[in-house]
Peer 1: 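Would you mind keeping the following structure in view while I ask a few things?
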Amino acid sequence: MDGGEFHASVYEAVRQIPPGRVTSYRSYHDSGHIALLISMPRHARHVGNALKFLPEDTDVPWQRVIGASGQISSRGPGTTGAERQRAALEDEGVVVQEMRVNLNQFGWFPASL
DNA sequence: TTATTGACGGACG
DNA sequence: ACGTCCGCCAATA
């Protein structure tokens with residue numbers, strides 16, 4: 001699997017996340033999460049990297065991928081990505097408090113696709 | 001070729 | 001709940 005296929009696999013998996021639900025790059029939950037769903041469980045960091053390459057107008061629901069602790073990841077000081085993610089999630093009904101989501105309520109962790 | 005860097009995750013204090 | 005370290009691995013310097 002080359003880099004392009006990796007990105008495509010990530011996007012395909014992310015598209016499966018239902019509206020109003022969130023999942024993680026790779027979580028301690030036995031089932032679910034993007035890196036496991038594409039059979040590359042140790043590539044959590046690269047899942048985030050793939051999302052970084054998405055254009056502004058993509059239809060891939062990137063906002064539904066957050067950290068395993070429920071945290072919306074910071075993009076670093078002076079960036080607005082995390083804030084846009086919070087707004088996008090709230091728009092579809094996800095409750096965000098202090099930049100974090102309750103995974104017990106909104107988490108989506110299927111065993112497979 | 002070696003060192004650093006990440007939209008990360010987990011163990012541990 | 002939080003900070004610190006360590007494991008991870010492709011890209012980049």
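Every chain is numbered from 1, with letters handed out A, B, ... down the list of sequences.
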Peer 1: Whole angstroms only, please: what is the NE2-P distance between A:His7 and C:dA10?
Peer 2: 12 Å
Peer 1: What is the distance, rounded to the nearest whole Å, between atom CG of A:Leu36 and atom P of C:dC8?
Peer 2: 16 Å
Peer 1: Write down the distance between OH (A:Tyr25) and C1' (C:dC8), rounded to a whole number of angstrom.
Peer 2: 16 Å
Peer 1: A:Gln71 has an atom CD; how far is it from atom P of B:dG9, in whole Å?
Peer 2: 11 Å
Peer 1: Any side-chain heavy atom of A:Leu89 sitting closer than 4.5 Å to one from A:Val22?
Peer 2: yes
Peer 1: To check you understand the geometry: which heavy-atom pair defines the closest contact between A:Ala13 and A:Ile34, and what is its length?
Peer 2: CB-CD1, 4.0 Å
Peer 1: Given pairs defined as Watson-Crick or G-U wobble with both distances under 3.5 Å, what dot-bracket annotation applies to DNA chain B, with ( ) intrastrand, [ ] crossing, | other strand and . unpaired?
Peer 2: .|||||.||||||
Peer 1: Might you point out which heavy atoms bring A:Phe106 and A:Gly93 nearest each other, and give the distance in Å?
Peer 2: CE2-O, 3.7 Å
Peer 1: Within a reach of under 6.0 Å around CD of A:Gln97, are more than 12 heavy atoms found that belong to other residues, nucleotides or ligands?
Peer 2: no
Peer 1: Tell me which pairs pass side-chain hydrogen bond (donor to acceptor under 3.5 Å, both in side chains) where either residue lies in residues 78-90 of chain A, with sequence neighbours left out.
Peer 2: A:Arg75-A:Gln85, A:Glu83-A:Arg86, A:Arg86-A:Glu90
Peer 1: Using whole Å, what does the distance between atom C1' of nucleotide B:dG9 and atom CE of A:Met40 come to?
Peer 2: 16 Å
Peer 1: Rounding to an integer number of Å, can you tell me how far A:Ile66 CD1 sits from B:dG9 C1'?
Peer 2: 14 Å
Peer 1: For A:Arg15, look at atom CZ and say whether over 12 heavy atoms of other residues, nucleotides or ligands are found less than 6.0 Å away.
Peer 2: yes
Peer 1: Which of residues 43-54 of chain A have a heavy atom under 4.0 Å from DNA chain B?
Peer 2: A:Ala44, A:Arg45, A:His46, A:Gly48, A:Leu51, A:Lys52
Peer 1: Looking at A:Glu92 and A:Arg21, does any basic side-chain N land under 4.0 Å from a carboxylate oxygen?
Peer 2: no
Peer 1: Considering residues at least two apart in sequence or located in another chain, which fulfil the side chain to side chain contact (heavy atoms under 4.5 Å, CB included) criterion with A:Asp91?
Peer 2: none
Peer 1: Could you list by number each residue of residues 75-92 of chain A showing a heavy-atom separation from DNA chain B of less than 4.0 Å, or answer none if no residue does?
Peer 2: A:Arg75, A:Gln85
Peer 1: Which atom pair, heavy atoms only, marks the closest approach of A:Ser73 to A:Gly67?
Peer 2: OG-N, 4.4 Å
Peer 1: Give me the one residue out of A:Val94, A:Val96, A:Val101, A:Thr23 that meets side-chain contact (heavy atoms from CB on, under 4.5 Å) with A:Ile66.
Peer 2: A:Val101
Peer 1: Could you state the CZ-C1' distance from A:Phe6 to B:dC8, rounded to the nearest angstrom?
Peer 2: 11 Å
Peer 1: Round to a whole Å and report the spacing from CD1 of A:Ile38 to P of C:dA10.
Peer 2: 12 Å
Peer 1: So, using side chain to side chain contact (heavy atoms under 4.5 Å, CB included) as the criterion, who are the partners of A:Gln16 when residues are at least two apart?
Peer 2: A:Glu12, A:Trp108, A:Leu113
Peer 1: It should be established whether A:Ser69 places a side-chain nitrogen or oxygen under 4.0 Å from OP1 or OP2 of nucleotide B:dG9.
Peer 2: no
